[in-house]
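I have a structure here, written as structure tokens, and I will follow up with some questions on it.
Chain A is the first sequence line, chain B the second, and so forth, proteins listed ahead of strands; every chain is numbered from 1.
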Amino acid sequence: MSAMHYWLMKSEPSSFSIEDLRRRKIEPWDGVRNFQARNMLRDEMQKGDLAFFYHSSCAEPGIVGIMEIVRGGYPDPTAFDPMDHHFDPASDPDKPRWYQVDVRFKRKLRRVIALAELRVHKKLQGMQILLRGNRLSITPVSKQEWDYILKLE
DNA sequence: GCCAACGTTGGC
DNA sequence: GCCAACGTTGGC
């Protein structure tokens with residue numbers, strides 16, 4: 001038994017949006033091909049954790065919804081599929097390189113909390129996603145940041 | 001479309 | 001192990 005954690009997970013809505021997740025209810029969060037993010041998927045994200053769904057590379061980048069981790073890290077099968085866009089010949093099924101979690105849609109926020117808005121708040125200055133040059137598609141969010149952001153809604 | 005920032009690869 | 005070249009991310 002360990003404390004639950006909070007996360008922020010980016011996705012380009014043109015490939016997978018909060019609406020897509022709402023329709024599908026539960027989805028594997030696959031295709032992550034960055035070692036730092038992989039380590040979080042594999043080692044830190046646990047069933048019961050909550051995550052912000054963040055839309056990136058779109059007209060209004062920002063937080064759009066909330067989801068729950070319903071299965072902790074397990075090998076990402078798309079890495080083994082030569083037909084898949086995320087195929088990685090270096091990932092051996094006996095020693096998988098890439099991991100994923102399963103997420104479940106909880107709800108959309110009543111409005112988009114845009115990146116530009118997040119930047120305005122002093123209390124959020126330490127958020128990893130706001131730090132210069134940050135490109136990680138998965139970042140931890142502190143409970144304080146989580147609660148603060150939800151009060152903005 | 002531009003470009004800053006960063007990660008990965010591979011030659012040496 | 002260094003580091004230049006290259007690829008990717010993602011805001012603007």
**Message:** Please tell me if A:Lys10 has a side-chain N or O lying less than 4.0 Å from either OP1 or OP2 of C:dT9.
**Reply:** no
**Request:** Output yes when A:Arg97 and A:Asp92 qualify as a salt bridge under the 4.0 Å nitrogen-oxygen rule, no when they do not.
**Result:** no
**Request:** Round to a whole Å and report the spacing from CG of A:Asn39 to C1' of B:dG7.
**Result:** 14 Å
**Request:** Nearest whole angstrom, please: distance from the P of B:dT8 to the CZ of A:Arg33.
**Result:**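 Roughly 13 Å, once rounded to whole Å.
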**Message:** Under 4.0 Å, heavy atoms only, any strand: does A:Gln36 hit a base, just the sugar-phosphate, or nothing?
**Reply:**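 Contact class for A:Gln36: sugar-phosphate only.
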**Asked** If you measure only the distance, is there a donor-acceptor pair under 3.5 Å linking the side chains of A:Asp20 and A:Ser17?
**Response**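 Side chains of A:Asp20 and A:Ser17: pair found under 3.5 Å.
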**Message:** Please determine whether a side-chain nitrogen of the Lys or Arg among A:Glu153 and A:Arg107 lies less than 4.0 Å from a carboxylate oxygen of the Asp or Glu.
**Reply:** yes
**Message:** From C-beta outward on A:Arg135, which listed nucleotide comes closest to its side chain: C:dC12, B:dC6, B:dT8?
**Reply:**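 Nearest nucleotide to the side chain: B:dC6.
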**Request:** Could you check how far CD1 of A:Ile129 sits from C1' of C:dG10, rounded to whole Å?
**Result:** 10 Å
**Item:** Closest to the A:Ser56 side chain, choosing from B:dG7, B:dT9, C:dG10
**Value:**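 The listed nucleotide nearest to A:Ser56's side chain is C:dG10.
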**Prompt:** Which whole-number value in Å describes the distance from A:Asn34 CG to C:dT8 P?
**Reply:**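 Rounded to whole Å, this separation is 14 Å.
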**Request:** For A:Leu8 and C:dG10, give me the distance from atom CG to atom P, rounded to whole Å.
**Result:**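 So the CG-P distance, A:Leu8 to C:dG10, works out to 11 Å.
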**Item:** Distance-only polar pair, side chains of A:Tyr99 and A:Asp43, donor-acceptor under 3.5 Å
**Value:**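 Their side chains do not contain a donor-acceptor pair, so the 3.5 Å distance test is not met.
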**Request:** Look at A:Tyr54 and C:dG11 and indicate whether a side-chain polar atom (N or O) is within less than 4.0 Å of OP1 or OP2.
**Result:** yes
**Request:** Take the protein atom CD of A:Glu12 and the nucleotide atom P of C:dT8, then report the distance between them rounded to whole Å.
**Result:**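 It is 13 Å, rounded to the nearest whole Å.
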**Request:** Calculate the interatomic distance between A:Leu136 atom CG and B:dG7 atom P; express it in whole Å.
**Result:** 7 Å
**Prompt:** Expressed in angstrom and rounded to an integer, what is the separation of A:Ile138 atom CD1 from C:dT9 atom C1'?
**Reply:**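 Going from A:Ile138 (CD1) to C:dT9 (C1'), I get 14 Å.
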